[in-house]
Amino acid sequence: MVVERLTHTLHDYPFGPPSTKPENKRYISAGVNEGQVVYLDRRNTVAAANALNETHAGRVVGIALETRSEGKSIEVAISGSVTHVKWKLTPGAKCFVSSGGMISHDPPSMGFVQRIGVAENEQTILLQIGEPVVLGG
């Protein structure tokens with residue numbers, strides 16, 4: 001009976017149960033604003049992600065927790081709950097990478113689609129970065 005319960009749990013959460021505990025990582029900024037979705041560029045710095053730019057697909061790392069100019073150390077949330085007072089999210093809706101580091105509830109129709117989480121409330125996202133799907137232009 002215990003094995004069945006464990007198998008059921010692993011089936012429901014193949015990568016483990018979702019966590020709301022934030023996990024952050026420090027990077028070097030390429031000039032990023034707080035609340036922007038960021039990707040790791042070829043210089044190993046983080047910059048605003050753009051779903052219309054296919055070279056950003058698979059390189060999205062999280063959401064900037066601070067505003068930092070180019071060359072400065074920046075803290076980025078890579079999982080867990082992230083709150084930003086300027087967001088206007090729809091609670092329960094899926095969130096996707098958009099352009100200019102923005103978050104959208106509507107997946108783009110060109111470039112690439114990448115789910116980054118779900119809105120917990122109007123100003124909080126549960127960050128769970130998914131795999132990108134390249135759509136082309």
Side-chain angles (χ1 to χ4, degrees):
M1 189 72 149
V2 172
V3 172
E4 289 178 23
R5 174 180 269 163
L6 179 60
T7 303
H8 179 72
T9 301
L10 291 175
H11 175 70
D12 287 345
Y13 303 108
F15 303 108
S19 172
T20 58
K21 181 181 178 215
E23 184 178 350
N24 304 334
K25 189 170 181 180
R26 292 210 74 84
Y27 292 96
I28 300 298
S29 174
V32 174
N33 294 318
E34 178 184 353
Q36 285 186 312
V37 178
V38 295
Y39 79 103
L40 192 61
D41 68 17
R42 296 193 195 309
R43 299 175 301 162
N44 275 338
T45 59
V46 290
N50 185 345
L52 300 178
N53 187 334
E54 294 175 13
T55 66
H56 296 190
R59 301 178 70 90
V60 172
V61 293
I63 296 176
L65 296 176
E66 352 176 65
T67 297
R68 291 289 185 260
S69 58
E70 186 172 351
K72 302 292 184 187
S73 178
I74 186 169
E75 191 166 6
V76 174
I78 59 174
S79 68
S81 293
V82 181
T83 300
H84 187 5
V85 296
K86 294 184 179 178
W87 286 338
K88 304 263 188 276
L89 304 172
T90 302
K94 294 177 184 176
C95 298
F96 299 91
V97 176
S98 186
S99 61
M102 303 299 288
I103 296 170
S104 175
H105 293 306
D106 299 315
S109 58
M110 55 193 319
F112 71 97
V113 174
Q114 188 164 10
R115 181 178 163 185
I116 57 167
V118 63
E120 294 182 308
N121 59 50
E122 288 183 351
Q123 298 174 330
T124 304
I125 183 173
L126 178 57
L127 188 60
Q128 297 171 318
I129 299 174
E131 293 295 319
V133 176
V134 176
L135 304 172

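Quick note: residue numbers are just sequence positions, from 1. Remember, it's a predicted structure, so these values are computed and weren't measured experimentally.
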Next on the checklist: Taking ring pair (Phe, Tyr, Trp, His ring centres under 6.0 Å) as the cut-off, I'd like each qualifying pair that reaches into residues 41-75, sequence neighbours left out, listed once.
Outcome noted: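 Qualifying pairs, neighbours excluded: Y39-H56.
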Checklist entry - ring pair (Phe, Tyr, Trp, His ring centres under 6.0 Å): which pairs involve residues 59-80, sequence neighbours left out? => result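 Residue pairs with at least one partner in residues 59-80: there are none.
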Checklist entry - Considering the options V76, I63, L65, which one meets the side-chain contact (heavy atoms from CB on, under 4.5 Å) requirement together with N24? => result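 So the option named by the test is L65.
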Item to check | Partners passing side chain to side chain contact (heavy atoms under 4.5 Å, CB included) against R68 (at least two apart in sequence or in another chain) | outcome: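 For R68, the residues satisfying side chain to side chain contact (heavy atoms under 4.5 Å, CB included) (neighbours in sequence not counted) are S29, E66, K72, I74.
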Item to check | Pairing residues for N33 by the side chain to side chain contact (heavy atoms under 4.5 Å, CB included) criterion, not counting sequence neighbours | outcome: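 With sequence neighbours excluded, N33 shows a side chain to side chain contact (heavy atoms under 4.5 Å, CB included) to Q36, T67, given in chain and number order.
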Specify the closest pair of heavy atoms between [X] and [Y], including all atoms of both residues, with the distance to one decimal.
X    : Y    : value
G111 : E54  : O-CG, 3.7 Å
P108 : V113 : O-CG2, 3.6 Å
R43  : A30  : NH2-CB, 3.5 Å
I129 : I78  : CD1-O, 4.3 Å
H84  : G35  : CD2-CA, 3.2 Å
Q114 : G130 : NE2-O, 2.7 Å

Checklist entry - Is there a side-chain contact between V37 and I103 (heavy atoms, below 4.5 Å)? => result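 Yes, side chains in contact.
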Next on the checklist: Does I28 form a side-chain contact (heavy atoms from CB on, under 4.5 Å) with N44? I'd like the steps, not just the answer.
Outcome noted: CA-CA 7 Å; I28 300 298; N44 275 338; over 6 Å; no
Checklist entry - In terms of side-chain heavy atoms, does T55 have a donor or acceptor partner in N53 at a distance below 3.5 Å? => result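 Short answer, yes.
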Checklist entry - For E34, which residues count as a salt bridge (Lys or Arg N to Asp or Glu O under 4.0 Å) partner, sequence neighbours excluded? => result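 E34: no salt bridge (Lys or Arg N to Asp or Glu O under 4.0 Å) contacts found.
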Next on the checklist: Suppose we screen for salt bridge (Lys or Arg N to Asp or Glu O under 4.0 Å). Which residues come up paired with R42, at least two apart in sequence or across chains?
Outcome noted: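 None.
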Item to check | Hydrophobic cluster identity match, V38 and Y27, side-chain contacts under 4.5 Å | outcome: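 V38 and Y27: one cluster.
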Checklist entry - With sequence neighbours left out, what residues match S73 under side chain to side chain donor-acceptor pair (under 3.5 Å)? => result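 Counting only residues at least two positions away or on another chain, S73 forms a side chain to side chain donor-acceptor pair (under 3.5 Å) with R26.
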Item to check | Residues in side chain to side chain donor-acceptor pair (under 3.5 Å) contact with T83, at least two apart in sequence or another chain | outcome: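 Only T124 meet the side chain to side chain donor-acceptor pair (under 3.5 Å) criterion with T83.
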Side chains of residues 85-98: which donor-acceptor partners sit under 3.5 Å, not counting sequence neighbours?
none

Next on the checklist: Would you compute the distance between atom CG of L127 and atom OG of S79 and round it to the nearest 0.5 angstrom?
Outcome noted: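 The OG atom of S79 is 6.5 Å from CG of L127, to the nearest 0.5 Å.
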